[in-house]
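Here the structure is laid out as C-alpha cells; the discussion comes afterwards.
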Amino acid sequence: MLNKYARAFFTALLTPIARLLLRLGVSPDAVTVVGTIGVAFGALYFYPLGELWWGTLFITAFVFTDLIDGTMARMSDRTSSWGAFLDSTLDRIGDAAVFGGLILYFTGRGDDDLTAALALACLILGFIVSYAKARAESLGFTANVGIAERADRLVATLVTTGFCGLFLPMWVLTVVLGLLAVASLITVLQRILTVRTQAMTDAVGS
C-alpha cells in the first residue's frame with residue numbers, strides 16, 4: 001500500500017537531491033551503501049541504549065536513500081540488474097538491523113521478552129516474505145501480493161518505535177509488532193498460494 005501511494009510523492013520530493021548528487025559525481029551504488037550503513041548504525045547504536053526517538057530520526061534520514069539511489073539510477077540511465085541486486089540485498093541488512101536493534105533493547109534495558117520475541121518474529125517472517133517473492137520470480141512465477149510489504153512493515157515499525165520513545169506507552173509497540181508478525185505470516189501464505197495456483201495452472205496447461 002505504502003509503495004503504491006507514497007513512493008511517487010517522496011520520489012518527486014527527493015528528485016532535486018538526486019540531481020544534486022549526480023552533479024557532484026556521486027554514484028547510485030555509493031548512496032545505497034551509505035544509506036545501509038547509516039540505517040544499521042542508527043538501529044544498532046541508538047536502539048539498544050533505549051534512545052528510540054533519536055534512533056528513529058537517525059534511521060529515517062538514511063531510509064530515504066532507498067528512493068534517492070533508484071531515482072539517480074533512472075536519471076543517469078544506470079539502471080541494471082547489479083544495482084537492483086545490491087539494493088535488494090542491502091535492504092535486508094537494514095531491516096535486520098532495525099529489528100535486531102529492538103531485540104537487543106528489549107532483551108536488555110527494555111526487559112520485555114514478549115516484545116523481543118515479536119520483534120524476532122517480524123525479522124524472520126519479513127525475510128521469508130522477501131524470499132518467497134524472489135524465489136517465485138527465479139522460477140518464472142510472480143508473487144506481488146500480500147497485506148504487509150516491506151515498506152508497510154518498516155514505516156509502521158519506525159513510526160511506532162519513535163513515538164514510543166517520546167510519549168506512547170511501550171505496549172503500543174508490542175501490539176504493533178504483534179500485528180505486523182501476523183500480517184507478515186498472512187503475506188507469506190498469500191504468496192505461497194499465489195505461486196501454487198500459477199504452478200497448478202502451468203501443469204494443467206502442459
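Heavy atoms only: backbone and side chains are in, while hydrogens, waters and symmetry mates are out.
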Are [Y] and [X] co-members of a hydrophobic cluster defined by side-chain heavy atoms under 4.5 Å apart?
X    : Y    : result
L123 : F46  : yes
L44  : I103 : no
F127 : I192 : yes
L104 : V39  : no
I37  : V63  : no

### Query
How about F167: does its CZ atom have over 12 heavy atoms from other parts shown lying under 6.0 Å from it?
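Yes.
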Distance from [X] atom [atom1] to [Y] atom [atom2], nearest 0.5 Å?
X    : Y    : atom1 : atom2 : answer
T161 : L166 : OG1   : CG    : 11.5 Å
L193 : L189 : CG    : CG    : 6.5 Å
I17  : M72  : CD1   : CE    : 11.0 Å
L90  : L86  : CG    : CG    : 4.5 Å
D87  : T32  : CG    : OG1   : 5.0 Å
L52  : L158 : CG    : CG    : 11.0 Å

Closest non-hydrogen atom pair, [X] against [Y]:
X    : Y    : answer
R191 : V145 : NE-O, 2.7 Å
I147 : T187 : N-OG1, 3.3 Å
T142 : Q198 : O-NE2, 2.6 Å
L118 : T174 : CD1-O, 3.4 Å
F99  : C122 : CE2-CB, 3.5 Å
A183 : A148 : CB-CB, 3.7 Å

### Query
Considering the options V176, V98, T56, which one meets the side chain to side chain contact (heavy atoms under 4.5 Å, CB included) requirement together with T157?
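Single side chain to side chain contact (heavy atoms under 4.5 Å, CB included) partner of T157 among V176, V98, T56: V98.
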### Query
Does F141 sit in a hydrophobic cluster with other residues, and if so which ones, taking ILVMFWY side chains as linked at heavy-atom separations under 4.5 Å, directly or through other members?
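Taking Ile, Leu, Val, Met, Phe, Trp and Tyr as members, F141 shares its hydrophobic cluster with L139, V195.
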Would you say that [X] contacts [Y] through its side chain, given a criterion of any heavy-atom pair below 4.5 Å between the two side chains?
X    : Y    : value
V129 : R153 : yes
Y47  : I59  : yes
R109 : Y105 : yes
R150 : D95  : yes

Heavy-atom donor-acceptor pair, [X] side chain to [Y] backbone, under 3.5 Å:
X    : Y    : value
T65  : I68  : no
S184 : L180 : yes
D152 : E149 : yes

### Task
Mind running side-chain contact (heavy atoms from CB on, under 4.5 Å) on M170 and F106 for me, showing each step along the way?
CA-CA 10 Å; M170 204 57 67; F106 286 112; 3.7 Å; yes
### Query
Does the ring center of F62 lie less than 6.0 Å from the ring center of F41?
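Centroid distance F62-F41: not below 6.0 Å, so no.
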